[in-house]
Amino acid sequence: DLDAHLEHVTDLECPARCLQALAHGRVTTATIHLTRVVSLATLAIRALSTSPLSSLTVEFFPHDYDILSRIVSAAPHLQMLKLIEKPCEQVRTR
């Protein structure tokens, strides 16, 4: 059972698309890598909203203007934040 083996993970680094399956409410340090679209970063940040996140490194695209407000909403007790702007590879779709 994958959940049983990952329930105590507190430090996580993975692509945004994998984070929802891996974060189980105990993550304090996370690094989120983008692969294609900004919506993945948004979903990943939302997945961490149940964790006591204190440190976050997240990649984002230049046209994702609301990334900071999403982070503040999902992780209000964040103590360390590193934002890494990545070049756009494709147009954002809604």
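The structure displayed is predicted, hence computed values, not measured ones. Along the sequence shown, residues carry numbers from 1.
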- Task: Any chance you could measure Thr57, atom OG1, to Met80, atom CE, to the nearest 0.5 Å?
- Result: 5.0 Å
- Note on the structure: Hits for side chain to side chain contact (heavy atoms under 4.5 Å, CB included) against Ser49, two or more places apart or cross-chain, chain-then-number order -> Ala74
- Message: My understanding is that only residues two or more places apart in sequence, or in another chain, count here; which of them pass side chain to side chain contact (heavy atoms under 4.5 Å, CB included) with Cys18?
- Response: Cys14, Pro15, Leu22
- Query: Heavy-atom distance under 4.5 Å between the side chains of Glu85 and Phe60, does that happen here?
  - Reply: yes
- Message: Strictly distance-based, threshold 3.5 Å: is any side-chain N or O of Thr28 a donor or acceptor partner for the main-chain N or O of Ser54?
- Response: no
- Should Val72 and Leu56 be regarded as members of a common hydrophobic cluster, given that ILVMFWY residues are connected when their side-chain heavy atoms come within less than 4.5 Å of each other, either directly or indirectly? no
- Message: Let me check something: do Leu83 and Leu12 share a hydrophobic cluster, defined by ILVMFWY side-chain heavy atoms less than 4.5 Å apart, either directly or through other members?
- Response: yes
- Query: Are Leu78 and Ile84 grouped together when hydrophobic residues (ILVMFWY) are joined by side-chain heavy atoms under 4.5 angstrom apart?
  - Reply: no
- Item | Val27 side chain reached by Leu53 side chain, heavy atoms, under 4.5 Å | yes
- Set of side-chain hydrogen bond (donor to acceptor under 3.5 Å, both in side chains) partners for Glu13, sequence neighbours left out: His33
